[in-house]
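These notes are about the structure you will find just below.
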Amino acid sequence: MTLQFDVNTVTTAFDTLASAYQLPEVWWPADDPFEIMLGAILTQNTTWSRVQTALAALREHGPLTAAALLALDPATIATCLRPTGYYNQKTQRLRDFCQHDLEMGGTAGWMALTTPKLRQRLLSIRGIGHETADDILLYACDRPVFVVDAYTRRLATRLGWLPSAPLPYDTVRLAFEAVRPHDFNSLRRDHALIIHHGQQHCRPRPRCDGCPLLAECVNHPESAQSGAVIAPPWRSPND
DNA sequence: ATCCGGATGA
DNA sequence: TCATCTGGAT
C-alpha cells in the first residue's frame with residue numbers, strides 16, 4: 001500500500017484530534033521531575049491510576065527522593081509497587097534508577113546533559129527502554145522529543161502512515177519529529193492526544209463509532225481513502 | 001517468542 | 001469471562 005506520511009496529512013490529523021478532545025492542561029502532574037521519572041518507570045505495562053496508587057503508598061514511607069527510597073527495605077518498596085504489577089522487577093528497576101540519580105547529582109545533573117547524552121545515559125539503565133527514556137526527556141526534562149508508544153504505532157499503521165511491519169523505534173520517532181513542531185509543549189500535547197485517542201477509539205480492538213479520524217483512516221470502509229487498503233486484520237475473526 | 005502480575009471494567 | 005493497561009529484558 002502507499003504510505004502517506006507528509007506534514008499536511010499528519011498536521012491535519014493532530015489538529016482534528018485537538019479539536020475533538022479536551023485534555024487536562026497538565027497531562028503528567030507531579031511535584032518534581034524526579035517523581036515524573038519514577039512514574040515513567042512504574043507506568044510500564046500498566047494504567048496511570050495504578051501508578052498513582054503506588055506513588056502514594058511510597059510517599060507513606062518518606063519523601064520521594066533517591067536517597068530516601070534507597071534507604072527503604074526493598075520488600076517495603078515491592079509492597080508499595082504491588083498494584084502496578086511486575087512489582088519485584090519494578091522494585092529492582094526503581095532502585096537501579098535511584099542509584100543512577102545519585103551518581104548524576106540529582107535533577108540538576110540530568111538537566112545539564114544534552115538531549116542525545118541524556119537519552120544515552122537513560123538507555124544504559126536497566127529497566128529504561130526507548131519509550132521510558134523519551135517520556136523522561138519530554139516530561140521531566142523539557143526536551144522536544146516525540147514519544148513513540150504502542151498507541152502511536154497502532155494509530156499510524158491504521159491511518160496508513162506506517163507499514164504494518166514494525167520499524168525501529170528511532171526511525172518512527174525521527175519521522176514524526178520531522179513533521180511536528182520542535183517545542184516540548186506541542187510534543188506533550190501530541191503524545192497526550194494519541195494516548196487519549198488510543199483509549200477512546202483506536203484501541204487494540206477498535207471502536208470506530210464516533211472516531212474523529214474516520215475520514216482520514218485508510219482502514220475504515222467509510223473513509224474516502226479506503227481504496228488503498230488491505231483487509232483490516234482485526235475484522236477477520238468476528239465483528 | 002516468552003517472561004514478568006494483578007487491578008479494573010465491560 | 002474477556003479485554004485492556006502511557007514496556008523491557010532475555
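All chains are named by letter (A, B, ...) in the order of the sequence lines, taking the proteins before the strands, and each is independently numbered beginning at 1. For clarity, every value in this text was computed on a predicted model and none was experimentally measured.
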Please check if the side chain of [X] supplies one atom and the backbone of [Y] the other of a donor-acceptor pair under 3.5 Å.
X        : Y        : value
A/Arg95  : A/Thr91  : no
A/Arg188 : A/Leu138 : yes
A/Ser19  : A/Asp15  : yes
A/Arg153 : A/Leu167 : yes
A/Arg119 : A/Leu137 : no
A/Arg143 : A/Met111 : yes

message: Can you identify which nucleotide, out of B/dG5, C/dG7, C/dT4, has its nearest atom closest to the A/Pro204 side chain?
response: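 The nucleotide sitting nearest to the side chain is C/dT4.
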- prompt: Out of C/dT4, C/dT6, B/dG5, which nucleotide sits closest to the side chain of A/Thr43?
  reply: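 For the A/Thr43 side chain, the nearest candidate turns out to be C/dT6.
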task: For A/Asn45, answer base if it contacts any base atom (sugar-phosphate contacts may also be present), sugar-phosphate if it contacts only those atoms, and nothing otherwise; contact means non-hydrogen atoms under 4.0 Å.
output: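 Contact class for A/Asn45: base.
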query: Under 4.0 angstrom, heavy atoms only, what part of the nucleic acid is A/Gly129 near: base, sugar-phosphate, or nothing?
result: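 It contacts sugar-phosphate atoms only.
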task: Considering only atom P, compute the distance from C/dG8 to B/dA7 and round it to an integer number of Å.
output: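 Going atom to atom, P in each nucleotide, I get 23 Å.
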task: Determine the Euclidean distance between corresponding P atoms of C/dT4 and B/dG5; express it in Å to zero decimal places.
output: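 Looking at atom P only, B/dG5 and C/dT4 are 23 Å apart.
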query: Are A/Arg173 and A/Asp170 close enough for a salt bridge, meaning some N to O gap below 4.0 Å?
result: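 A/Asp170 and A/Arg173: salt-bridged.
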field: A/Ile128 or A/Thr46, whichever maps to the more 5' nucleotide of DNA chain C
entry: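 It is A/Thr46, whose closest nucleotide lies nearer the 5' terminus.
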task: Report yes or no: is there a donor-acceptor pair, N or O only, under 3.5 Å between the side chain of A/Tyr86 and the base of B/dG5?
output: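 Indeed, a donor on one side and an acceptor on the other fall under 3.5 Å apart.
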- request: Answer yes or no: does a side-chain N or O of A/Gln89 lie under 4.0 Å from OP1 or OP2 of C/dA9?
  value: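 The answer is no; no side-chain N or O of A/Gln89 sits under 4.0 Å from OP1 or OP2.
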query: According to a strict under-4.0 Å criterion, is A/Thr132 in side-chain N/O contact with OP1 or OP2 of C/dG8?
result: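 So the side-chain polar atoms of A/Thr132 do come within 4.0 Å of the phosphate oxygens OP1 or OP2 of C/dG8, strictly under.
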Once you round it to whole Å, what is the distance between [atom2] of [N] and [atom1] of [X]?
X        : N     : atom1 : atom2 : value
A/Tyr151 : C/dT6 : OH    : P     : 4 Å
A/Arg205 : C/dT4 : CZ    : P     : 7 Å
A/Asp96  : C/dA9 : CG    : C1'   : 13 Å
A/Tyr87  : B/dG5 : OH    : P     : 6 Å
A/Arg203 : C/dA3 : CZ    : P     : 12 Å
A/Arg153 : C/dT6 : CZ    : P     : 18 Å
A/Gln44  : C/dA9 : CD    : P     : 8 Å
A/His191 : C/dT6 : NE2   : C1'   : 6 Å

Please output the side-chain donor-acceptor pairs of residues 35-43 of chain A that fall under 3.5 Å, not counting sequence neighbours, one pair per line with the distance.
from: A/Glu35; atom 1: OE1; to: A/Asp31; atom 2: N; distance (Å): 3.2
from: A/Glu35; atom 1: OE1; to: A/Arg59; atom 2: NH2; distance (Å): 3.2
from: A/Glu35; atom 1: OE2; to: A/Arg59; atom 2: NH2; distance (Å): 3.0

field: Interface with DNA chain B, restricted to residues 74-84 of chain A and to heavy atoms under 4.0 Å
entry: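 Result for residues 74-84 of chain A: A/Arg82, A/Thr84, sorted by number.
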query: By a strict heavy-atom criterion of less than 4.0 Å, which residues belonging to residues 23-30 of chain A are in contact with DNA chain B?
result: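 Within residues 23-30 of chain A, no residue comes under 4.0 Å of DNA chain B.
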query: What orientation do A/Tyr139 and A/His191 show, parallel under 30°, tilted 30 to 60°, or perpendicular over 60°?
result: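 If you compare the ring of A/Tyr139 with that of A/His191, the planes turn out tilted.
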message: Taking the nucleotide of DNA chain B with the nearest heavy atom to each, does A/Thr47 or A/Arg207 sit closer to the 5' end?
response: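 The residue whose closest nucleotide sits nearer the 5' end is A/Thr47.
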task: With rounding to the nearest 0.5 Å, note down the distance linking OG1 in A/Thr84 to CG in A/Asn45.
output: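 So the OG1 of A/Thr84 and the CG of A/Asn45 are separated by 10.0 Å.
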